[in-house]
Structure formats: structure tokens, C-alpha cells
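In what follows, every heavy atom counts, from backbone to side chain, and hydrogens, waters and symmetry copies are set aside.
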Amino acid sequence: MLEKTYDAEGVEPAIRESWEKADAFRAGAGASADAEPFSIVIPPPNVTGSLHMGHALNNTLQDVLVRFERMRGKDVLWQPGMDHAGIATQMVVERQMMERQEPDRRKIGRDAFVEKVWAWKAESGGVIVNQLKRLGCSCDWSRQRFTMDDGLSKAVTKVFVNLYKEGLIYKDQRLVNWDPALLTAISDLEVLPVEVEGQLWHLRYPLEGNGRSITVATTRPETMLGDSAVAVHPNDERYADMIGEYVVLPLVGRRIPIIADEYADPEAGSGAVKITPAHDFNDFEVGRRHNLPVISVMDAEANISLKNNEAFLNELAPSSKLTHIIDELDGLDRFTARALVVSLLEERELLEKTEDHTHTVPHGDRSNVPIEPFLTEQWYVNAKALATPAIADVKNGRTTIVPKHWEKTYFDWMENIQPWCISRQLWWGHRIPAWYGPDDEIFVEETEEEAAAAALRHYGEETELKRDDDVLDTWFSSALWPFSTLGWPDETPELSRYYPTAVLVTAFDIIFFWVARMMMMGLHFMGNEPFQKVFIHGIVRDEKGAKMSKSKGNIVDPLELIDEYGADALRFTMASLTTPGQDVKPSRARIEGSRNFGTKIWNAARFCEMNDCRPDPDFDPQAVSETVNRWILTEAAKASSEVTVALESFRFNDACEAAYRFVWDSFCDWYLELIKPVFADGSEAAKAETRATAAHVLGIILRLLHPFMPFITEALWKELSAGKDGLLALSKWPAPDFADADAAEEINWLVELVGAIRSVRSEMNVPTASKTQLVALTKDDVLLTRLQRHEPAVERLARVEGIAANGDAPRQAAQIVVGGATFALPLAGIIDFSAEEARLKKEIDRVENEISRIDSKLANENFVARAPEDVVQAERDKRAAYQEDGKRLSAALERLKQAA
RNA sequence: GGGCGGUUAGCUCAGCUGGUCAGAGCACCUGGUUUACACCCAGGGGGUCGGGAGUUCGAACCUCUCACCGCCCACCA
């Protein structure tokens with residue numbers, strides 16, 4: 001006997017164990033040899049990560065699809081694994097070392113540090129795997145991969161070497177986004193614009209020789225030390241006569257030209273702009289166009305660096321007597337230097353004015369400090385070349401993105417893609433397989449031996465090589481995930497079976513970081529797309545719609561929700577809130593609703609169990625004869641079909657709704673109530689058939705809901721079949737193979753009749769406890785037979801005692817019209833004549849309104865002429881039905897008046 | 001500056017190709033211990049589908065326009 005309520009916390013571990021024991025999620029589990037493959041690669045969570053609501057959403061959706069397809073008999077692989085998360089992990093370990101007051105990484109050296117990271121991973125990394133299991137994720141856990149595994153590292157190295165040899169990876173000296181806190185380059189995508197309240201300083205630069213000056217506006221006065229020109233727009237009349245003149249750069253004394261360049265915007269600032277090629281991306285371009293020197297005035301930590309700075313010193317005027325200024329500024333951090341430069345200029349009356357100015361400043365997404373454009377040599381991927389096939393693949397529909405509007409975002413970015421900076425000045429990650437000779441000749445090979453061999457060929461003798469210190473952007477290895485996890489570069493059976501994957505499920509915030517790059521790499525190295533479909537879901541927001549973040553303090557921990565409501569409740573909520581293209585805002589009320597739904601199913605099963613409804617292996621739906629049973633089988637088939645269609649098109653919310661309505665409305669509210677009289681007073685044959693049907697339909701329910709609520713459904717499946725049917729997770733998805741329109745029509749009528757009686761009783765304030773007779777005012781034999789057939793149900797559900805079919809109207813009665821017949825509820829002593837009169841009049845009004853609405857439609861010649869015939873006919877039929885109802889209601893009103 | 005979403009019941013949202021599409025859950029009101037379930041049952045109230053214009057026989061749904069909200073990209077002297 002089942003407990004009275006479902007105990008998620010108590011049941012879930014045992015269910016997980018039963019799945020594990022049966023190895024139910026191994027690739028291809030339960031599938032036949034000729035099964036169609038269906039594979040999904042998990043978006044690998046960071047090894048430092050723990051389950052957040054975004055993971056809960058993303059992985060619920062994947063698990064729904066995977067369980068659904070597995071039950072449909074496909075050969076399913078859900079490939080799990082984790083990402084080494086270069087910067088994030090390195091930061092975690094460094095912080096830990098700091099907390100433990102251990103010497104920092106530079107002191108212990110690279111090898112020792114990397115060893116520490118591995119030790120950290122072994123000890124505290126990957127807690128998320130168990131959390132995903134708690135969520136119920138049916139990944140093939142035996143195939144877990146890690147981006148730093150030997151196999152995946154081999155793939156990374158090979159890809160790097162191949163791309164290098166194809167000329168698609170190269171080294172370049174240019175400005176990069178430099179993170180002065182983490183001391184590494186980062187890619188464009190890792191830079192976040194942050195709005196800050198700053199100032200706009202207007203600096204007066206004296207012209208050489210003539211006592212005039214030109215004013216430039218800047219938000220970064222400290223970079224003026226590296227100015228190499230002042231630019232004005234060629235058409236700007238204010239400055240036309242200054243073009244070609246020289247400015248003597250204040251504080252520094254350097255002579256720099258005033259140049260004409262369209263980059264200068266006459267509307268912005270003063271119209272004249274200082275050009276600092278080493279510290280601004282735009283200025284760098286201007287500098288290139290005008291062949292200006294690039295004078296970096298900062299070091300890697302963004303401190304002012306002048307004294308040992310050749311670029312700076314070389315451009316310094318020989319006569320300059322500025323050593324004290326250089327002394328003062330040298331070594332200051334950029335913000336301190338900013339203040340000092342401003343005050344030095346102010347002293348010299350070169351500060352024209354200062355304005356408050358709100359602008360966005362690029363920040364590092366990890367360090368959250370302003371990033372510095374910094375001139376360094378880095379490794380780049382020629383993303384433009386790789387993007388071309390990736391664009392074509394989506395254009396020609398080999399990969400489709402759902403919802404489709406995201407394709408535009410994808411195209412826009414891909415078509416304007418910039419070189420991808422892939423080198424990072426970190427220690428934790430895939431070390432770049434490049435070795436340098438003494439003359440800086442580069443040898444890119446997969447192993448040190450091969451590099452040495454290449455060097456031998458090049459130099460003609462053994463030469464000592466030095467390996468590149470940098471590691472690769474974490475996303476470089478993530479980009480290979482769909483094939484590296486399947487064994488590439490080896491030609492494994494898994495690779496040929498499961499690549500391309502069926503669908504990638506992810507949130508929109510990593511389309512550029514990840515999806516786009518997997519497309520590029522997959523197409524380049526595998527020759528075809530990494531996934532046939534990409535399903536983009538929203539992100540999880542809090543109840544007010546705000547993005548969840550630590551700083552806002554609005555983080556909801558999915559594990560707490562699982563503790564409180566069970567994994568199924570959280571999953572069902574996530575899935576039912578997923579409408580294509582919308583963000584997800586889970587609320588406790590909603591999760592409670594899902595939990596209640598689980599309880600509802602639990603109790604429905606409990607009812608079945610109490611009535612001895614056991615699954616019968618020989619049950620044949622087609623042989624069923626009772627109308628209610630044929631009706632619920634029809635409804636079950638309809639629900640199966642709806643859930644299937646919805647899941648095939650990623651309409652998770654529709655799938656949930658169809659299942660929910662079927663279970664709660666059709667099965668619990670009507671079917672179980674309708675069969676109670678059968679169990680109480682039915683024939684043995686009817687009872688047996690009904691038991692078998694109820695058990696059968698409950699089985700369908702458990703299977704339909706299993707992808708969404710795997711724990712409770714598996715638990716009930718086990719309970720009800722006494723373990724004889726194996727795991728629900730490996731059972732067959734229900735086929736919508738039953739339809740009986742007549743039974744559906746009949747039960748719908750019954751539902752309508754019961755509903756009408758209940759309504760009128762409630763409106764007439766008939767005490768719940770009292771029962772009334774029902775008099776059918778009709779001589780229609782078909783209807784009367786039907787009524788007789790359902791007499792026990794009507795009596796029970798509508799609180800009726802005795803059904804009279806004599807057609808004589810009782811004197812004091814409430815009357816209703818259902819399915820073309822009038823029914824009276826004798827309510828002598830209870831009936832309120834005026835209330836009933838008002839009620840009937842209201843009904844008549846409603847019907848007449850409908851009729852006149854239809855009449856005006858039908859009177860419209862254009863409607864009759866242009867609307868499709870079936871639409872017009874439907875209106876005519878409706879009108880006829882309303883007219884019949886109207887007649888009966890009017891007759892009922894007459895009888896009431898006579899009685900009064 | 002460019003682009004993309006959104007605006008439907010008190011709240012959170014469904015509503016796929018225009019013709020039972022005006023819906024669900026929660027909240028609310030009224031009754032209720034009837035052979036599972038009060039995490040429940042029965043009944044009920046509540047919306048001129050953001051404003052305006054247009055297309056159409058017919059618009060929550062298509063077009064245009066305005067307003068507001070959110071997001072993404074670029075730029076910011």
C-alpha cells in the first residue's frame with residue numbers, strides 16, 4: 001500500500017540507485033541494434049561550478065528530450081563532462097592559497113601550481129556532477145569527459161597544429177584587451193561594458209611657436225603621455241588652419257602633429273581629439289593610417305612606465321627637462337596618475353574645464369577591473385575564414401536554430417567576426433604547442449619531439465627550444481566538445497555513430513562564446529555540422545524578472561528547492577515555463593503547483609492500487625466495451641499525441657500542459673469519479689474491465705510524465721507492477737493508438753449534464769448535503785437509454801437521487817437544457833422562483849445574443865460569399881442549436897411561471 | 001547608433017499557419033470530510049488582448065505608427 005503522500009526526499013536516492021544499477025543511461029541502453037541514434041552533448045559546466053538555476057533549466061530540458069527519445073526506442077547518448085574553466089579555476093585555487101597563507105603561484109612555479117590545481121580538482125572539483133544526478137539527469141556517466149583529459153588535450157593540440165599549418169592560426173602584434181589584474185589577454189567576448197560616472201577633461205595643448213592652442217577632450221588624461229597626434233575632422237573649419245601645425249605636448253614636451261582624419265567627430269567634445277595609438281583601439285587605427293609612433297606608457301599592471309620605456313624615451317625631445325615629472329609619474333597606477341596629470345596641467349593653466357560625464361568602460365568579465373588596450377603579441381584564429389562555412393551551414397538549413405529569430409543574431413555576429421585572440425597568460429589550461437628557437441623561429445608541432453625534429457631540419461643541428469608559456473582560451477577546447485568527447489582524432493565507433501549530434505540545448509548568452517565556435521570547428525575538422533538543431537532557451541530570472549546575480553542577492557539555489565519540493569517539482573516547473581524565446585521566471589507558487597501535481601498523480605495511483613487495478617499484460621484496449629473506458633482510452637491517446645508533437649518541436653510548455661490537463665481534468669476529475677460507481681455496484685465483468693483499463697491508462701500517464709518527473713513516475717511504476725515490468729526509464733513511449741468518437745461524444749455529454757446540474761444547484765443554493773430527483777423532459781429514446789446507462793454516475797456526481805424519464809414537468813423545479821433536451825430538478829420548498837426566473841431569463845438572453853450575433857454575420861453577403869463553406873456552415877449549425885436551446889429555455893420559463 | 005524580444009484577468013504567463021481563442025496556474029469569493037488526494041473537491045467573479053490607423057467577409061494573431069519595458073551588438077572625446 002502506498003503512503004498517503006509522496007516523499008521525494010526519501011524516494012529519490014533509491015530510484016537513482018536503481019537506474020545506476022541497471023546501467024539504464026549507458027549509450028544505446030534499451031535500444032535495438034538498428035535504432036536511430038540520438039545524441040546530445042551537455043554544455044560542460046565549469047569544474048568549479050555548482051548547480052544554479054540556469055543549469056537546472058538547461059539540463060532539465062535536455063533530460064526531457066533524452067528520456068523521451070530513449071523511450072521512443074532511439075539509441076541515445078547524452079554525453080556528460082566538465083570544462084576546466086581556465087581563468088575561473090586558476091582564480092579559485094589562487095584564492096585558496098592566499099587564504100591558507102601559502103606562497104603565491106609565482107613563488108612555487110608553474111609545474112607545482114598546475115599540480116595544485118589538479119589536486120584541487122580531485123578533491124573539490126566537479127561537485128556539480130552529483131548535483132546533476134540529483135536533478136535526475138540521465139547522462140551516460142560512464143563516458144564523462146574533462147576538457148583537460150589526455151584525450152581531449154590531444155584533440156586540442158591537433159586542432160591547433162593543423163590550423164597553424166593551414167595558416168588559420170597566427171601570431172600577431174596588435175592591441176588586445178588586457179586585464180591588468182589577471183595579467184592576461186582576453187577575447188572581445190570576455191569584455192563587458194560597465195557604465196561609470198566619470199569626467200571629461202578638456203585639455204589645452206599649446207601650438208608650437210605661435211602662442212595659439214588647441215583643446216582636446218578626454219576621459220583618460222593619463223594616456224596623454226603617449227599621445228602622438230591631435231586629430232581634427234578635415235572639414236572642420238574651426239581647425240582647418242591648424243592642420244599640419246605641431247603641438248608641444250604638455251608635461252612631456254614631445255612635438256606632435258595636428259592631423260586631419262575623419263575619425264574626429266566635430267560634434268563630440270571639442271571636435272579635436274588626442275591620438276594615443278598605444279592605449280585606444282580607434283587611435284591605433286588612426287595611428288596606422290598616419291604612420292604615427294605607438295608609445296605605450298604603461299606596464300602590464302597598468303602602472304605608468306616611463307623611465308625604462310624605450311618607446312617613450314625615444315620619442316622624448318632631447319632638450320626636455322622633464323625628469324622630475326617623469327619621476328613623479330613613473331610607477332603610479334593609472335588612476336593615481338590620472339589625478340596627478342590633471343593637477344599638473346591645472347597648475348600650468350592647461351586644464352580648460354572638467355565636465356561630469358557618464359560613459360561605459362570595458363571591464364574584464366572575471367576580474368571586473370577596467371581592461372586596458374595593450375600592445376602585445378598574441379595568438380589569433382582567423383575566425384573569418386572559419387565562419388564562412390558556419391554561416392552557410394545555417395543558411396542552407398543543415399543546422400536549424402530554434403526559435404528561428406536567433407539565426408539573425410548568429411549571422412550578424414558571424415558576418416562581422418573579428419580575429420579570435422586565443423592565447424592567455426595563465427598556467428591552467430592547454431599549453432600552446434609552439435616552441436621557439438634562439439632566433440625566435442617558431443615550431444608548432446603536436447609533441448616536443450616533433451618540434452625538436454622540425455628544429456633539427458631547420459637549423460641542421462640540435463638546438464635548444466623554449467616552449468611558449470601561454471595557454472589557450474578555455475573556449476578553444478569547448479569548441480571541439482561535440483567531437484573531442486567522442487574520441488576524435490581517433491576514428492571511434494562512437495564518433496561515427498553519434499556525430500553529428502541531434503540537438504544542442506543552450507541559453508542564448510553563449511551563442512557567440514560556444515555555439516558559433518563549435519560550428520566553426522566542427523565543420524572544419526569533421527566536415528559536417530556538430531548538431532542538426534540548436535534549441536535556444538531563455539535565461540532564468542527571479543520572480544521580478546531581474547537577472548540572478550550574487551551582487552543582487554537574488555540567487556535561488558535549485559538544490560534547496562529540490563530538498564523542499566523534490567526534483568520532479570522543480571523539473572516540471574522549468575519545463576512548463578519554457579516557451580520558445582521567453583525567459584523563465586520560476587516562483588515558489590509555481591513549484592508548489594508542480595509538487596501538488598505530483599501528489600495528485602501519487603494519489604490517483606493510490607486509488608488505483610486500493611481498487612486493485614493491476615497492469616494486465618494481456619490487456620487489449622480494442623476489446624474494451626464500457627463507454628467510460630473507451631472514452632478515457634481515447635483521451636489518453638489524444639494526450640500522448642499532444643505530448644509527442646509538442647516535444648518534437650521543443651514546445652515544452654505545451655507538452656506539460658497537455659499532460660497536466662489529461663491527468664488532472666480527464667483522468668482524476670472525471671474518469672476516477674465515473675468509475676467509482678462501477679467499483680461499488682458494477683457487474684464483475686465491468687469491474688474487471690475497468691480495473692484493467694484504469695491500470696493501463698495509469699501506465700500511459702506514468703510514461704508520458706516520466707521525462708518530466710522521472711522519480712515519482714519510476715517509483716509508482718515499480719510499486720504498481722511490483723517490479724515485474726523493469727524500469728520505466730527503459731519502457732516504451734505510449735503510442736496514440738485508440739480513438740472512439742462516439743464514446744467521446746457520450747461522455748462529453750455526461751460531463752456537460754453533470755456540470756449543468758452542479759451549477760444550477762449551486763446557484764439555487766441547494767444545500768450540498770441534500771439530494772434531488774432528476775426529471776428528463778424528453779421522449780428521445782436514445783437519450784433516455786444513455787441517461788439510464790449513466791444513472792449511477794449522474795446520481796453520484798450530481799447528487800441526484802432517482803432519475804425520472806416520464807417527461808412530465810414537476811411543478812416546482814429548476815430547469816436546464818443540455819444536449820438538446822430539458823432536465824428538471826424538482827426543488828419543492830427550496831426553489832426561489834424569482835432567482836430561477838432571473839437565471840432562465842439570463843440564459844435566454846445569452847442564447848438570443850448569440851443568435852443575433854450569428855445572424856448579423858450571416859446577413860453579411862461578403863461573409864457568405866468569401867468565407868470558406870465549412871466556416872459558414874458551422875455558423876448555421878450553431879445558430880440552429882442555439883435556436884433549439886432557446887425554445888426549450890422559453891418553455892421552461894413558461895412552466896415556471898405557471899407553477900408560480 | 002544597429003538589432004531582437006515584450007506589452008492579454010489582481011499576479012505570472014499560454015494562445016503554433018487570421019474564423020468556438022478570450023485561456024491556464026496562482027490569488028480572490030461561495031459551499032464542502034461524497035470509497036485517492038485539503039498539496040483536495042464543487043461552484044463562481046474577473047480582461048474594450050498597450051494606444052491609434054490600416055488590410056480583410058472576419059484581427060489578440062497580418063501591415064504601419066506611437067508609447068512604455070527588457071535584452072544583445074557597436075560606439076562613446
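- Residue contacts shown for A/Arg796 include a base, since a base heavy atom lies under 4.0 Å away.
- Just one of A/Ile591, A/Leu570, A/Asp568 meets the side chain to side chain contact (heavy atoms under 4.5 Å, CB included) condition when paired with A/Ile562; it is A/Leu570.
- Close to B/C37, at under 4.0 Å from its OP1 or OP2, lies no side-chain N or O of A/Thr599.
- B/C62 and B/G43 have their P atoms separated by 35 Å, given to the nearest Å.
- Considering only side-chain N and O atoms, A/Trp670 lies nowhere under 4.0 angstrom from the phosphate OP1 or OP2 of B/A42.
- For B/G25, the paired base is B/C11 (Watson-Crick or G-U wobble, both distances below 3.5 Å).
- Between the side chains of A/Thr276 and A/Asp227, at least one donor-acceptor pair of N or O atoms lies under 3.5 Å.
- Heavy-atom contacts from other residues, nucleotides or ligands closer than 6.0 Å to CZ of A/Arg661 number 12 or fewer.
- Note on A/Lys585: a side-chain N or O is less than 4.0 Å away from OP1 or OP2 of B/C13.
- One atom, NZ of A/Lys857, and another, P of B/U56, lie 18 Å apart when rounded to the nearest Å.
- Scanning atom types as modelled, one donor and one acceptor separated by under 3.5 angstrom connect the side chain of A/Lys600 and the base of B/C37.
- Looking at A/Glu673, its side chain comes within 3.5 Å of the base of B/A36 through a donor and an acceptor atom.
- The base of B/C39 sits within donor-acceptor range of the side chain of A/Arg595, with an N or O pair under 3.5 Å.
- Put simply, CG on A/Asn862 is 10 Å from C1' on B/U56, counting in whole angstrom units.
- A close approach under 4.0 Å does not occur between any side-chain nitrogen or oxygen of A/Thr409 and OP1 or OP2 of B/C73.
- On the P atoms, B/A42 is 11 Å away from B/G25, given to the nearest whole Å.
- Under a cut-off of 6.0 angstrom, the local environment of CD in A/Glu884 is crowded, with over 12 non-hydrogen atoms contributed by other residues, nucleotides or ligands.
- Residue-level contact check: A/Thr579 touches the backbone only, with heavy atoms under 4.0 Å from sugar-phosphate atoms and none from bases.
- The pair A/Glu657-A/Arg651 does not count as a salt bridge, with every side-chain nitrogen at least 4.0 angstrom from each carboxylate oxygen.
- If you measure from atom CD of A/Glu763 to atom C1' of B/G31, you get 13 Å, rounded to the nearest angstrom.
- Comparing B/A27 with B/C11, their P atoms are spaced 15 Å from each other, to the whole Å.
- Note on A/Asn860: every side-chain N or O is 4.0 Å or more away from OP1 and OP2 of B/G58.
- Across the P atoms, B/G51 and B/U56 are found 23 Å apart, a figure rounded to whole Å.
- Taking the side chain of A/Cys668 as heavy atoms from C-beta on, and the options B/U35, B/A36, B/G44, the nearest nucleotide is B/A36.
- Between the CG atom of A/Asp365 and the P atom of B/C73 there is a distance of 11 Å, rounded to whole Å.
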